[in-house]
Amino acid sequence: MYSLFDHEALEAFRTEHKRQPYRIRQIETAIFHQWIKDIDEITTLSKDDRKLLSDTFDVIPFTCEKILEDEETTKFLFRTTDGKVIETVLMYHYHTNEDTGVIKLNRVTLCISSQVGCAVGCIFCVTGTLGLLKNLHRTEILAQVIYANNYLKQKLGKKEDGSLWSVRNVVFMGMGEPLMNYPNVKKVCEFLSSEYYFGLSSKRITVSTSGVYQGLEKFITDNLPVSLAFSLHAPNQELRAHLVPMAKFYTLDKLMELMDEYVRVSDRQVFYEYVMIRDENDTDEVAHQLGRLLRNRRGHLNLIPYNQNPAIDLHESDPEQIKRFKKIVESYDVTVTIRQNMGRKEKSACGQLGYEAAQEKLKHATSDQPKQ
Ligand code: SF4
């Protein structure tokens with residue numbers, strides 16, 4: 001099967017079947033602007049052409065196995081053709097009108113996966129416990145966005161201005177380390193930022209990395225029109241290598257040099273992500289180190305309270321300590337936000353993707369143990 005995201009394959013198909021060039025535009029408009037996920041929904045094509053097309057192409061190269069939802073998030077579990085599970089999360093951001101007190105949906109963010117599992121092995125993340133199972137192909141990454149937009153179309157319909165609800169921000173913060181699957185991630189970023197396809201601005205696409213030199217160097221050279229988030233989690237090499245085992249191979253000094261290089265080349269700030277784990281990386285002393293590391297750097301620090309996971313014996317920092325930590329870092333003239341946790345109820349929150357798979361693995365490991 002070819003993917004309808006493959007413009008060249010579609011063009012070759014059109015030539016072979018002697019169809020008019022405008023047919024391509026009709027198909028791509030249906031996918032990228034009307035968010036159809038089934039060829040049969042392309043009503044601008046005849047029934048015979050839809051049949052012909054669906055014998056050769058598909059739109060969504062996976063099946064949706066489960067949808068878990070709460071007020072803040074929708075988590076999709078997709079099954080790939082080779083049997084792996086991809087997790088993708090929609091996050092709903094609301095706005096309260098201060099005069100009337102009316103709460104309205106303001107925007108939707110989509111957290112997408114670039115791999116199944118992850119090789120980085122951060123000690124606080126359940127995806128890391130699965131190991132790397134697969135690099136996702138660009139069609140499997142793009143299809144997450146199309147599927148989510150199709151879901152929003154069904155669920156929310158049109159906005160007050162008459163346009164369809166769709167994801168406003170896309171963040172590569174789902175399963176996997178995006179820069180370890182760079183060729184596919186790069187292609188997806190090009191699609192997302194292209195006016196012809198998704199037309200998202202650089203502020204609305206964020207690639208998040210735990211720090212992989214080679215990938216970062218390519219990312220900086222390519223100067224993709226997207227934002228960069230660096231999962232810092234610790235202000236010194238020793239603590240970082242403990243929390244992010246792969247960091248043993250990539251020193252923090254060199255990574256910070258690359259962050260400076262990124263700011264210089266792109267003229268954008270870096271978003272520093274910092275998961276707050278009680279008694280691990282949340283002390284006053286660490287806050288001072290972090291302040292010293294980030295002062296005079298163009299960036300924004302996000303503090304993320306740790307989300308609980310099966311078989312990971314860590315705890316979120318005390319809310320009072322998070323506030324104190326924030327104040328200390330701010331005293332170094334660093335901009336800091338405490339990130340609101342979303343999706344804990346359905347295990348869709350940061351670091352929780354793969355929760356069900358990890359729980360399953362744990363169950364098997366326990367039942368395989370010899371009885372005393
Ligand atoms: S936090 Fe990100 S980089 Fe670390 S193990 Fe999880 S998915 Fe991989």
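Order of listing sets the numbers, starting from 1, for every ligand and every atom in it. Residue numbers run from 1 in the order of the sequence given.
Each of His315, Glu316, Gln340 was scored for a side-chain contact (heavy atoms from CB on, under 4.5 Å) with Pro305, with one residue passing: Glu316.
Near Gly128, with a cut-off below 4.0 Å to any heavy atom, the atoms of ligand 1 are 5 (S).
The ring of Phe249 has its center no closer than 6.0 angstrom to the ring center of Tyr213. Checked against the 6.0 Å centroid criterion, the rings of Phe271 and Phe230 do not qualify as a close aromatic pair.
Using a cut-off of 4.0 Å between Lys/Arg side-chain N and Asp/Glu carboxylate O, Lys134 and Glu140 are scored as salt-bridged. Using a 4.0 Å cut-off between charged side-chain N and carboxylate O, Lys254 and Glu261 make no salt bridge.
Taking 2.8 Å as the criterion, Cys118 counts as a coordinating residue of atom 8 (Fe) of ligand 1, since one of its N, O or S atoms falls below it. When distances to atom 6 (Fe) of ligand 1 are checked against a cut-off of 2.8 Å, Cys122 contributes no N, O or S atom below that limit.
Residue nearest to atom 2 (Fe) of ligand 1, selected from Ser231, Gly176, Gly121: Gly176 (by heavy-atom distance).
Among all protein heavy atoms, the one lying closest to atom 6 (Fe) of ligand 1 is Cys125 SG, 2.3 Å.
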